[in-house]
**Q** 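I am attaching a structure below and will ask some questions about it afterwards.
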Amino acid sequence: MSNHQLPFSSSPTLFKRQAVCLTALLALCMSFSAMAAAGDSASATARYQAERAACNNGRSNQDRATCLKEAGAALAESRRGRLSDNPNADRSNALLRCNALPADDREACQRRMNGEGTTSGSALEGGISRELTVPDRK
């Protein structure tokens with residue numbers, strides 16, 4: 001049987017040093033995580049305050065009560081880490097919605113979501129209309 005040297009020594013002094021180093025590393029990682037969370041929380045709170053101001057000034061496309069409820073729900077979701085501004089996720093979601101359409105309409109929907117055709121309106125105006133003229137396949 002051969003003797004194998006373990007990476008962690010059984011020497012009490014060396015073990016204590018290793019434990020202190022690991023603890024320090026863990027504390028450092030946790031502090032970076034806390035700083036990132038604090039920044040996200042401040043951003044979410046600032047967004048919430050701006051949304052509340054829009055609700056109270058009548059600049060939203062919703063009645064005041066609904067607007068305030070939605071702003072609060074968005075803040076709560078943001079704090080849970082389930083709300084993000086990710087254009088790639090938005091685009092993917094838009095394309096997934098096309099999958100619910102019949103095969104004949106799906107391709108035109110995907111083309112509209114990829115920017116073909118004309119776009120008019122806005123969410124503030126009540127909706128975005130995307131139009132693409134395609135030849136009839138029949």
**Q** Rounded at 0.5 Å granularity, tell me how far CD in Glu107 sits from CG in Leu132.
**A** 9.5 Å

**Q** Could you tell me whether the side chain of Asn57 and the main chain of Arg59 form a donor-acceptor pair under 3.5 Å?
**A** no

**Q** Distance from Arg52 atom CZ to Thr45 atom OG1, nearest 0.5 Å?
**A** 12.5 Å

**Q** Out of curiosity, Leu95 CG to Arg112 CZ, how far, rounded to the nearest 0.5 Å?
**A** 11.5 Å

**Q** Is there a side-chain contact between Glu51 and Cys67, using heavy atoms and a 4.5 Å cut-off?
**A** no

**Q** Just wondering, do Gln62 and Glu70 contact through their side chains at under 4.5 Å, heavy atoms?
**A** yes

**Q** Knowing that exactly one of Gln110, Arg130, Arg111 qualifies, which makes a side chain to side chain donor-acceptor pair (under 3.5 Å) with Glu116?
**A** Arg111

**Q** Are more than 12 heavy atoms from other residues, nucleotides or ligands located less than 6.0 Å from atom CZ of Arg97?
**A** no

**Q** Side-chain contact test, heavy atoms from C-beta onward, threshold under 4.5 Å: evaluate it for Thr119 versus Glu131 and give yes or no.
**A** no

**Q** How far apart are the closest heavy atoms of Cys109 and Leu101, and which atoms are they?
**A** CB-CD1, 3.5 Å

**Q** Please report the C-alpha distance between Arg47 and Leu75 in whole Å, then the side-chain angles of each, then the deciding distance to 0.1 Å, and finally whether the side-chain contact (heavy atoms from CB on, under 4.5 Å) criterion is met.
**A** CA-CA 8 Å; Arg47 188 177 320 123; Leu75 176 62; over 6 Å; no

